[in-house]
Amino acid sequence: MDYSKKIQEIASKLFADNKINYFVGYKQNSFDDSQVPFLITDPAEIPKLVFTDRSVFNLANYLKPDHTKRKRVGLVVKGCDSRALNLMLTESQVKRENIYIIGICCEGVLNEKGEKAQNCVECVMPDPVVYDEMIGSPTGKREYTINADIRELATKALEERADYFESIFENCIRCNACRHSCPLCYCAKCCIDQETSTLYHGANTSSGAMHALMTWSLHLAGRCVDCRNCEKACPSHLPLHLLHKQNESVIYENFQQHLAGMEKDDRGAFYKYSLSDPDDFIL
Amino acid sequence: MARVGVFVCFCGANIAGVIDVPAVVQEAKKIKEVKISIEYKYLCSDPGQQIIREAIVQNRLTSVVVAACSPRMHEKTFRKALLDAGMNPYLLEIANIREHSSWVHQKDKKAATEKASDLIRMAVAKSIANEQLHEISVPVTKRALVIGGGIAGIQAALDIADARIPVTLVEKSPSIGGRMAQLDETFPTLDCSQCILTPKMVDVASHPYIELIPYSEVIELQGYVGNYKAKIKKKASYVDFSSCTGCGACTQKCPVKVPNEFNMNIDKRKAIYTPFPQAVPNKPVIDAEHCTMLLKGKCGICAKVCEKGSINFKMVDEVIEREIGAVVIATGYDLWDPKPYEEYGVGRYKDIITSLEFERMVSASGPTNGVPVRPSDGKVPKNVVFIKCIGSRDEAKGIEYCSKICCMYTAKHAILLHHKVPDSHAYIFYMDIRAAGKGYEEFVKRAQVETAATYLRGRVSKIYKKGDKLMVRGEDAQIGQVVEVEADLVVLATAVIAPKDNPALARLLGVSYDKYGYISEAHPKLRPVETAKAGIFLAGCTQAPKDIPDTVAQASACAAKVCGLFAGDTMKKDPMISTINNEFCSGCLNCIKVCPYQAIVTEEIPLGHGSKEIRTVAKINEGVCQGCGSCVAICRSMAISLAGFTDPQIINEIVAI
C-alpha cells in the first residue's frame, strides 16, 4: 500500500486550483521508518507527502484547532479516520464545504513491531465512508468481532479485572494526551478541567485518573471509531482501547448493532431515539 | 453561613403512624447548618404555615426544608409561605417522607425513620446550594385552537368565543356536528339530538370570534404555552366555499354513488356531497377517492350545473398557519369493529347490526325515514335482540374498560323501537346495568316497565340462522338456564374506542396518551381537563368514553381554563429551566436533538472577545423550556445547568447520604 505519488498529485492540483489553504498528510520521520502528521501551506513541500502502511495517525484530529477549523483543508483519511470525520461533520465541528477529503481504501497499518495492528485486524470498515476522492478499491464492510483483549478479560474474575484496571489508572500521569489526540474530544473546555465543576477533581491520583478516564470513555461511548490515536499518544503506553472496546461491544449488542460514524447524521447510539427502539429493559 | 430550618409534618397518621417524627426532628438538629427543627401535625394548614413563617423571621433562615408529602402536592403551598415571610420561594426544598418513606415502608418502621432522616439530610444539603430564582413572564397570544368539531369542540369554542377570545375550530370532516349529529334522540330525556345540536352549529358558523376551518387537519404544533404556532392543512374540497351558495344542484346531478358513512353505509351518497342536510358549513365537497373527473378526467357534470362556477378541479391542499395560545383537543371517539365475534355470525348474517346503524335507522332523517328494517329483506322487525358489552369489558376480544354509554343508549333504543314499531318486543342481554347519572336509573326503569323490554342477565354464546330468523342462544343467569330467543334483528352495542389517529395527534402535540389511545389528563382527579403539557386541554371522548352531559360539562371546563390562561397579558412561568454557558458550549448541538420541547435553538457568537469570526452555540428559549433536564444529561462539556437542580445541589445531596 503506497499511495504517496497519488496523494502528491491530488495535493498539487488542489493547491493549483486554489481549493485549499492547508493540506494535512503524512511525512517520513527523519530517524526511523515511522511517519508523522504533516501540515503544509506551501506547495513546495508537497514532494514530502507520503502514504504507506506506516501512516498510522488519524488526521481528522487536525481539524480541531482554530487555525484549521475555519480554513479550507485537504486531508487524507483511512476508513476509521473517515468515520471519526463523519461524526465531526454531524456534530457541527467541521463544515463539509471547507474540507476536501481524500479517502483511502485501507489495507491495514502496522504497529511498532511491524505487525498488522490489532484494530486493523478487527477493522469493520476499511473503506472511507465520506470522501471527495477515493484511492484504492473498496472491499466493503466486514463482520464485527468482539475485541480479542476484551474476550480475554471477560474470562478473568471480577477482582482480577479490577486490579488490572487499577494498575492502568495508577500509571496514568494525567497529561491528557489521549484527549488531545482524539478527534472527537473537541469540547471548548473539557468537563474535567472546569474550575466551577463540582463533579471532578484534578488530583493526579489513581482515583482522579479513573474518574477522568471513565468519564472520557463514556463521553466516547457509541462514538469511538477505534482509530487508537489515544493509545499512540499515551506516553505511559496504557491500553486505553480496553475502555472503548468494552463500551463498543455492549453497545453493539444492545443498540441494534450500532457502530459509530458509519452513516451521515448518525450522532451515536446514545443520541438517537426511534419509536421502534427495543424498550424491554425499561421497567 | 447557611441557616436552615427543618419542618417535619405528621400528616396525621400518614407519616407519624410509621415514622418516629420526634426522633427525625432530633436527628435533623444534629446537622450543623440546621438552626431550627420542629414538628407539626399538619404543616399545610394555616397554623402550620404560620409556624414556618414565624421561624423564618425569628431565625433569619437562609433556606427551608419541609419534610412532608410529595412536592407535587404542596410545594406551591410552602413556596407561598416563604414568599409571605419575605423569602425567595425557591429557597424551599421538600423532603418527601410520605410517598418515599412512610407509605412504601409501612412494615419496617425503624428503617422508614432512618430513611426519613436521610431524605431530610439530603434536602438540607441541597437547600444550602439553592439559589434565589425569579419567575419568568412570557407574553400570551390570545387565540385558542379547538381540534374537533363535535359537541365537545363546539361547546368549548362557543364558551371561549363568548368570552371574546378568538377561536380557530378545526374539523376533519366537511361539517361540524360529529357523532352527536348522527344520533336520533338522546337519553334520558329523549330530546331530539339534531334539534339541540344544530342551533349550536349555526352559532359556531356565525360567531364573530370563531374561525371555522372545516375539512382540515392540524399537522404541526410548535412553541409553548401562550405562544404556539400551528400549521393546519386544509384539504382540497374542489369547491370554492366563498362563492358556493349550497344550492345542491351539483349533488343532485352527480352520477357517482358511494356508501354514505354518515348513515353507517346503509344508503348511498354522491361523490360531491354534504354529509347531512343540516351540515355546517352547508357547502358540498368532492370526495377525491371516488370522483371520476378527478380519477379519470371524465364527467365534470357538477361544474356544468354550478351557476356560480364554484367547482375547481385544480384545487390543491393548502397549509395555513395560526398563532395561538392554547389548544383544546376534542377528537371524539370511534366504534369498535365487532368482527372478532365470529360465533355471533358478525359479517355473515346481514341482520346483525351495530347500535349506531340502528340509531341511523330510527332517526327521522335517516336512510329508512325513521323505521327500523332488516337489512336482509327490508321487513320491519318484530323481535329485536340487543346485546350489550360487545368489545367492552372483554379482555379476550376487545378492551378491558366499560364504554359507559351503552347501558343508557340500549335502554333508549328499546324505547325508540317501541315508539316506532309498537307491536315489537325488545330483548336485552346485559352483564350489569350501569345507570349512574341524573335521571338515568329512572330512564332504564322506563324501558323495563313502559316498553316492557325483557332484560336478560347473561352473555350470548351463539347466534345461528333458522329460516329467515336469527336464533340467539344465551344464558339467563338469574334463572340459571340457557335461553333461546328468535330474533328478526340483532343489535350489538359495540365498544367506544379512541380515534385511531389519536396517538399520532398526541405525538404531534407533544401530549401523552394511554394504552388505548385516549389522551391522558394531567391528574385523574384534580386536573381532569388539562394535559401534562401546559396550555393543552382536552374535552369529551378523546379522554375516555363519556355521555353528552359529561362532554359538554368538560368542554365548558376547558373554556374556563383557557379563559383563565388568557386573563393577563403575560404569563408567569416556573424559573426552573436550563441555561447554557456558551463559553463552554462546543456546538455539537446534541441538546437540540434530545429536547422534547424544541426549546433549544442555535446562536452565533464571536469566536473570542472582539473577534470578527463567529461560532455556533446552543441557546435555550426560556419560554419553551420545561426544565426536564434532558439537555443537561446529554451535554458532554457540562455547559448546561438546570436552575433548581444544579451540579452543586445534586453533589451536595449525594454527599449527604
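Chain identifiers are assigned alphabetically (A, B, ...) following the order of the sequence lines, protein sequences preceding nucleic acid strands; residue numbering begins at 1 within each chain.
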Discussion item. Can you confirm whether more than 12 heavy atoms, excluding those of A/K64, are under 6.0 Å from its NZ atom?
Written reply: yes

Discussion item. Does A/Y252, at its OH atom, have more than 12 non-hydrogen atoms belonging to other residues, nucleotides or ligands within less than 6.0 Å?
Written reply: yes

Between [X] and [Y], is there a side-chain N and carboxylate O pair less than 4.0 Å apart?
| X | Y | value |
| --- | --- | --- |
| A/R83 | A/D127 | no |
| B/E93 | B/K126 | yes |
| B/D118 | B/K115 | no |
| A/R96 | A/D132 | yes |

With a 4.5 angstrom heavy-atom cut-off, is it the side chain or the backbone of [X] that approaches chain A, or both, or neither?
| X | result |
| --- | --- |
| B/C635 | neither |
| B/E583 | backbone |
| B/I592 | neither |

Practice prompt. Flag the one option from B/T616, B/V594, B/L607 with the top tally of heavy-atom pairs under 4.5 Å to chain A.
Written response: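 Going by pairs under 4.5 Å, I would pick B/L607.
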
Worksheet item: Looking only at heavy atoms, which of residues 219-234 of chain A get nearer than 4.5 Å to chain B?
Response: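 Within residues 219-234 of chain A, the residues under 4.5 Å from chain B are A/H219, A/R223.
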
Fill in: Neighbours of chain A found in residues 504-520 of chain B - heavy atoms under 4.5 Å
B/R507

Can a donor-acceptor pair be found between the side chains of [X] and [Y] at a distance below 3.5 Å?
| X | Y | result |
| --- | --- | --- |
| A/E248 | A/Y144 | yes |
| A/N61 | A/H180 | no |
| A/Y186 | A/R179 | no |

Discussion item. With a 3.5 Å distance limit and no angle check, can you tell me whether B/N130 reaches the backbone of B/Y90 through a side-chain donor-acceptor pair?
Written reply: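 Looks like yes, one N/O pair under 3.5 Å.
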
Discussion item. Can you tell me how the ring of A/H244 sits relative to the ring of A/W216, calling it parallel under 30°, perpendicular over 60° and tilted otherwise?
Written reply: perpendicular

